[in-house]
Amino acid sequence: MRHLLPVLGPLDLDLTFGCGQAFRWKREGDAWAGIVGFAEARLRPGVPDGSLQLEVIGEDPGASAWSDYFRLGEDPTIHLEGVESLRALPGFMPLLGLRLLRQEPWETLASFVCSAAANIPKITRSVEGIADRFGTLIPGSARRSFPVPSVLAKARESDLRALGMGFRAPYLLETARRLDRDPIPWAALRSMPIEEARERLQRLPGVGAKIADCVLLFGLDRLDAYPVDRWIRRATLELSGRRRAKDRELDAWALQLGPARGYLQQLLFHLRRTGGPLPALPRGRR
DNA sequence: TCCTCTCCTTGCTT
DNA sequence: AAAGCAAGGAGAG
């Protein structure tokens, strides 16, 4: 099945798939191929500006679902309202082609449990390895879906360690088992106060504040979640002009970045990691 | 209750 | 080649 989807605003696939929010997209020459649910999608370049062409193998959820997944209906520029000062950061504006994907919550949770003290290639190996070993083959594709909790719950710790997951293996296994017994009310987490949603996720082993915020941001459409990792710690310290601060204080400082601070976090993460120190934002905010 | 330190796996880099 | 490093978390003290 093929779709030609209209795109509002800028779109940069390399940034979108390479920024560390999703781990099942691979660059194939000029194209990008990825697994979403029970589908394999392939995006091809050379399409007129303002649209995205994708080819789908497996269970196609339909055009509107894809548009929703890629967040094509909203121009990311709207997230700059109220934080005009960020526009002035060198290299910031071109990053707006990065689209925050709307991913499935469980797969997002499992992926970020794998992310602890790892890097993107390692996380990718873990996630892809889990799918290869425990997922369901997608008809017409050589790749597999990500296994649901009840399937992963039956795994052995040694199976996961064999994938190179190390100390994260027991965390993921126990998290899968708990979700199998006692499913998380995902819908409720989308609307409850952010601190409450975070606390709920942090009950799971292998899930601290940072990973809980990643799940909220990447899997539950909570753009108000601001994950503080080592890069964002540095970036936020610099922007705020402070010498040192606790993660909680940085999280509180980020409130001034508005309701879409999670999206801005993603751009700042990339900017800090690839571009070096950031200049302090002018006082009085904005 | 809160803070700080250490350990936990692996594989790639310096 | 040993040490450092990578989108952290848990447990001890």
Side-chain angles (χ1 to χ4, degrees), chain A residues 14-25 95 98-101 103 105 107-130 132-133 155-179 195 198-220 222-223 225-239 242-252 254 261-276 278:
Chain A
D14 289 346
L15 269 176
T16 298
F17 299 128
C19 70
Q21 63 170 321
F23 304 98
R24 301 218 63 197
W25 288 90
L95 298 180
L98 191 159
R99 297 289 174 143
L100 218 52
L101 302 172
Q103 302 183 75
E107 182 175 336
T108 307
L109 168 60
S111 298
F112 279 90
V113 167
C114 296
S115 78
N119 51 27
I120 293 173
K122 175 161 182 153
I123 304 165
T124 303
R125 273 195 303 278
S126 297
V127 174
E128 197 65 24
I130 291 166
D132 281 342
R133 176 73 179 73
R156 290 175 307 187
E157 186 181 320
S158 58
D159 294 328
L160 296 180
R161 285 186 179 270
L163 299 175
M165 289 194 55
F167 62 87
R168 307 158 193 88
Y171 293 159
L172 180 59
L173 188 54
E174 182 55 26
T175 285
R177 288 179 176 166
R178 286 201 202 172
L179 262 61
E195 298 80 7
R198 226 183 177 189
E199 186 280 328
R200 178 68 185 84
L201 290 169
Q202 286 193 111
R203 291 183 208 164
L204 299 167
V207 182
K210 191 273 176 179
I211 290 178
D213 281 339
C214 285
V215 175
L216 289 166
L217 179 59
F218 302 130
L220 291 163
R222 292 297 297 252
L223 302 194
Y226 189 84
V228 178
D229 74 334
R230 52 183 87 191
W231 290 100
I232 284 299
R233 195 172 301 133
R234 281 189 276 243
T236 312
L237 273 173
E238 290 159 6
L239 289 175
R242 309 181 88 180
R243 181 166 290 280
R244 53 177 301 167
K246 296 166 206 162
D247 287 358
R248 274 197 302 284
E249 299 171 322
L250 296 176
D251 187 52
R261 53 190 173 276
Y263 177 67
L264 302 174
Q265 180 271 6
Q266 193 61 15
L267 306 191
L268 292 172
F269 171 76
H270 193 275
L271 198 61
R272 182 61 183 79
R273 203 167 60 136
T274 61
L278 303 177

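Everything numeric here is computed off the predicted structure, so don't read it as measured data. Numbers restart at 1 for each chain; the letters A, B, ... are given by sequence-line order, proteins then strands.
Rounded to whole Å, the separation between the C1' atoms of B:dC2 and C:dA12 comes to 14 Å. Distance check on atom P: B:dT6 versus C:dC5 gives 15 Å, rounded to whole Å. Between C:dA1 and B:dG11, the two C1' atoms lie 16 Å apart (nearest whole Å).
Closest to the side chain of A:Lys246, from the set B:dT4, B:dC3, C:dA7, is B:dC3. Comparing atom distances between the A:Arg244 side chain and each of B:dT4, B:dC8, C:dA7 picks out B:dT4 as nearest. Taking only side-chain atoms of A:Phe112, from C-beta outward, the nucleotide of B:dG11, C:dA7, C:dG8 with the closest atom is C:dA7. In this structure, of B:dC3, C:dA7, C:dG9, it is C:dA7 that holds the atom nearest to the side chain of A:Gln266. Closest to the A:Ala117 side chain, of the nucleotides C:dA10, C:dA7, C:dG8, is C:dG8. Of the candidate nucleotides B:dT10, C:dA7, C:dG8, B:dT10 has the atom lying nearest to any side-chain atom of A:Lys122.
Judged by distance alone, with hydrogens and angles left aside, A:Arg161 brings no side-chain donor or acceptor close enough to the base of B:dT9 to form a pair under 3.5 Å.
Under a 4.0 Å N-O distance rule, the pair A:Arg203/A:Glu199 qualifies as a salt bridge.
Here A:Phe218 lies in heavy-atom contact (under 4.0 Å) with a base. Contact annotation for A:Leu204: backbone-only contact, meaning every heavy-atom pair under 4.0 Å involves sugar-phosphate atoms and none involves a base.
Between A:Arg168 and A:Gly208, it is A:Arg168 whose nearest contact on DNA chain C lies nearer the 5' terminus.
The heavy-atom pair separating A:Gln21 from A:Leu101 by the smallest distance is OE1-N, 2.9 Å.
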